[in-house]
Amino acid sequence: MRQVIIIGSGPAGFTAAIYAARANLAPLLIASSVEAGGELMNTTEVENFPGFPEGIMGPDLMAKMQEQAEKFGTEVLYDDVTSLELAGRVKRVTLGSGAVHEADAIVFATGSAPRKMGIEGEQRLSGHGVSYCATCDGFFFREQAIAVVGGGDSAMEEATFLTKFASKVYVIHRRDELRASKIMQERAFANEKIEFVWNSEVADVLGGDAVTGLLLRDTVDGSTRELPVTGVFVAIGNDPRTHLVHDQLRLTEHGTVWVDGRSSRTSLPGVFAAGDVIDPTYRQAVTAAGSGTAAALDVEHYLASLGDAGAPAPDAAEIDGPPETDADAVENDAA
């Protein structure tokens, strides 16, 4: 029986682990068996995380966070959570291995997953020219013409990174201006290998066994045309990973886990959430880390409130009534 189990190994999860471990709560952190480290594992240079004026590679930053968490006594387990039982006094976490772990409190910090375009060719050719990770797959497209779909910071970062390998990078955006930050836009506009395709959306991904092109639809007049490329990198945003808590925790209109005000308290006592899974707005490594701090402190207060009989003190999140479930995600406008 653990005092706290943390689900998720991104900045929120590992920061929660650091704080919980320093409070002698001996946390168990469950990282994915295949996607440990969160979205920063797919990021090149991180320039805006405090304390690294020269920048740091995303995987290196996550390695340092994990090292710090383990230094203070966090146990890291590489397995996949298949189901959760959150409603009772004792929380139960079932893993892919079949093992079941119990805890007084849970920190849910599962982050978000890359959003899909939702078209047939994308699914059929995923892994055969369709990718969601430039740092993972960019090497395979040396001296080829490829496309990036999206208009935010992630899309600009991916496009700029891919110019290290590709001969040409088309940026497909459904509007005539970008949502990306000014500095990211300037870098992309200044790169001679990047060409912007405005007011266009992907109607289909073409190819048999591999990508041969894109069918583009003009968002103004509805006309279509083909763009020959051998790869397409989808960077149209992320969706919170909430599938494990549907029908258990209340969700917001954005599809994120609802929390009580600025706290990490969810709609069930003893269950806390942190990071991108509760944040539809900022979604930065540093804000996720701060959220993980709040979760660990909230866990400390919760555990201190448990009486001798094991019954928790009334949780503020319970006042709002029964949890809502399966809220619809906000319509994507990032592509």
Trainee: Kindly determine whether L77 and H101 satisfy side chain to side chain contact (heavy atoms under 4.5 Å, CB included), including the steps that lead there.
Mentor: CA-CA 11 Å; L77 180 61; H101 294 269; 3.7 Å; yes
Trainee: Through direct or indirect side-chain contacts below 4.5 angstrom among Ile, Leu, Val, Met, Phe, Trp and Tyr, which residues connect to L206?
Mentor: L215
Trainee: Looking at every non-hydrogen atom in both residues, tell me the closest pair between R241 and V277 and how far apart they are.
Mentor: O-CG2, 3.7 Å
Trainee: Distance from I146 atom CD1 to L214 atom CG, nearest 0.5 Å?
Mentor: 11.0 Å
Trainee: Between L28 and F72, is there a shared hydrophobic cluster once you connect ILVMFWY residues whose side-chain heavy atoms come closer than 4.5 Å?
Mentor: no
Trainee: Using atom types as modelled and distance alone, determine if a side-chain donor or acceptor of T163 lies under 3.5 Å from a backbone N or O of T160.
Mentor: yes
Trainee: Give me the atom names and distance for the closest heavy-atom approach of A288 to P11.
Mentor: CB-CB, 4.2 Å
Trainee: Each residue besides Y282 in its hydrophobic cluster should be listed here, by chain and number; the cluster joins Ile, Leu, Val, Met, Phe, Trp and Tyr at side-chain heavy-atom distances under 4.5 Å.
Mentor: none
Trainee: For P240 versus G255, what's the shortest heavy-atom pair and its separation?
Mentor: CG-O, 3.3 Å
Trainee: Please determine whether side chain to side chain contact (heavy atoms under 4.5 Å, CB included) holds for the pair R187 and N191, giving the CA-CA distance in whole Å, both sets of side-chain angles, and the decisive distance to 0.1 Å.
Mentor: CA-CA 6 Å; R187 288 178 183 175; N191 195 310; over 6 Å; no
Trainee: Under the salt bridge (charged side-chain N to carboxylate O under 4.0 Å, His left out) test, which residues partner E102, sequence neighbours left out?
Mentor: R92
Trainee: Report yes or no: do L29 and L297 belong to one cluster of Ile/Leu/Val/Met/Phe/Trp/Tyr joined by side chain heavy-atom distances under 4.5 Å?
Mentor: no
Trainee: Taking only residues two or more places apart in sequence, or in another chain, which ones meet E195 in a side chain to side chain donor-acceptor pair (under 3.5 Å)?
Mentor: K168
Trainee: Output the distance between atom NZ (K193) and atom NZ (K164), rounded to the nearest 0.5 Å.
Mentor: 11.0 Å
Trainee: Minimum heavy-atom separation for I278 and A273, please, with both atom names.
Mentor: CG2-CB, 3.4 Å
Trainee: Please report the closest heavy-atom contact between S200 and I172, naming both atoms and the distance.
Mentor: O-CG2, 3.6 Å
Trainee: Locate the shortest heavy-atom distance separating S267 from R250; write the atom from each residue and the value.
Mentor: OG-N, 2.9 Å
Trainee: Could you work out the complete set of other residues in the hydrophobic cluster of V220, with links drawn between I, L, V, M, F, W and Y side chains under 4.5 Å apart?
Mentor: none
Trainee: Please list all pairs meeting ring-ring contact (aromatic ring centres under 6.0 Å, His included) that have one or both residues in residues 177-213, counting only residues at least two apart or in different chains.
Mentor: F189-F196, F196-W198
Trainee: Evaluate the side-chain proximity of D239 to S112: yes if any heavy-atom separation is below 4.5 Å, no if none is.
Mentor: no
Trainee: Begin from the C-alpha positions of T74 and Q68 and carry the test side chain to side chain contact (heavy atoms under 4.5 Å, CB included) through to its verdict.
Mentor: CA-CA 9 Å; T74 300; Q68 190 172 359; over 6 Å; no
Trainee: Going only through I, L, V, M, F, W and Y residues with side-chain contacts under 4.5 Å, is there a path from I18 to V107?
Mentor: no
Trainee: Any chance the side chains of S305 and H301 put a donor and an acceptor closer than 3.5 Å?
Mentor: no
Trainee: Not counting sequence neighbours, which residues clear side chain to side chain donor-acceptor pair (under 3.5 Å) with D221? List them please.
Mentor: S223
Trainee: For R22, enumerate each residue passing the salt bridge (charged side-chain N to carboxylate O under 4.0 Å, His left out) test, keeping only those at least two apart in sequence or located in another chain.
Mentor: none
Trainee: When you measure from the side chain of T94 to the backbone of T82, do you find a donor-acceptor pair of N or O atoms at a distance under 3.5 Å?
Mentor: no
Trainee: Are there over 12 heavy-atom neighbours, none belonging to R142, within less than 6.0 Å of that residue's CZ?
Mentor: yes
Trainee: If you round to the nearest 0.5 Å, how far is NE2 of H173 from CE of M156?
Mentor: 7.5 Å
Trainee: Within the distance-only criterion (no hydrogens, no angle test), does the side chain of S291 pair as donor or acceptor with the backbone N or O of A274 below 3.5 angstrom?
Mentor: no
Trainee: Answer whether the closest heavy-atom distance between the side chains of V232 and V202 falls below 4.5 Å.
Mentor: no
Trainee: Is there a side-chain contact between R2 and V93, using heavy atoms and a 4.5 Å cut-off?
Mentor: no
Trainee: Indicate if Y19 and Y302 have the same hydrophobic cluster label, given that clusters are the connected sets of ILVMFWY residues with side-chain heavy-atom separations under 4.5 angstrom.
Mentor: no
Trainee: Who passes salt bridge (charged side-chain N to carboxylate O under 4.0 Å, His left out) against E120, sequence neighbours left out?
Mentor: R124
Trainee: Sub-3.5 Å donor-acceptor pair from the side chain of T219 to the main-chain atoms of R174, do we have one?
Mentor: yes
Trainee: Does some side-chain heavy atom of F108 sit less than 4.5 Å from a side-chain heavy atom of Q248?
Mentor: no
Trainee: Please determine whether residues L86 and V100 belong to a single hydrophobic cluster, defined as Ile, Leu, Val, Met, Phe, Trp and Tyr linked transitively by side-chain heavy-atom distances below 4.5 Å.
Mentor: no
Trainee: Among L95, T110, I6, which one satisfies side-chain contact (heavy atoms from CB on, under 4.5 Å) with I30?
Mentor: L95
Trainee: A cation-pi test, strictly: NZ or CZ of K116 under 6.0 Å from the centre of the six-membered ring of Y132 and no more than 45 degrees from its axis. Yes or no?
Mentor: yes
Trainee: Please confirm whether the backbone N or O of V259 pairs with a side-chain atom of S263, one donor and one acceptor, at under 3.5 Å?
Mentor: no
Trainee: Would you confirm whether E158, through its side chain, and V148, through its main-chain N or O, come within 3.5 Å as a donor-acceptor pair?
Mentor: no
Trainee: Got a second to check how far N199's CG is from E177's CD, nearest 0.5 Å?
Mentor: 10.0 Å
Trainee: With sequence neighbours excluded, what pairs up with D153 under the salt bridge (charged side-chain N to carboxylate O under 4.0 Å, His left out) test?
Mentor: none
Trainee: Donor-acceptor pair, E122 side chain versus M117 backbone, under 3.5 Å?
Mentor: yes
Trainee: Restricting to pairs with a member in residues 202-242, which pass ring-ring contact (aromatic ring centres under 6.0 Å, His included), not counting sequence neighbours?
Mentor: F141-F233
Trainee: Kindly indicate whether the side chain of Y170, heavy atoms from C-beta on, has any atom under 4.5 Å from the side chain of V229.
Mentor: yes
Trainee: Is S167 reaching over with its side chain to a backbone N or O of Q144, donor-acceptor style, under 3.5 angstrom?
Mentor: yes
Trainee: So how far is it from F272 CZ to L249 CG, rounded to the nearest 0.5 Å?
Mentor: 11.5 Å
Trainee: Measure the CG-CD1 distance between L61 and I56 for me, rounded to the nearest 0.5 Å.
Mentor: 5.0 Å
Trainee: How would you list all residue pairs meeting salt bridge (Lys or Arg N to Asp or Glu O under 4.0 Å) that involve residues 270-290, not counting sequence neighbours?
Mentor: D276-R283
Trainee: Go through the steps to decide whether V286 and N48 satisfy the test side chain to side chain contact (heavy atoms under 4.5 Å, CB included), and finish with yes or no.
Mentor: CA-CA 8 Å; V286 68; N48 54 8; over 6 Å; no
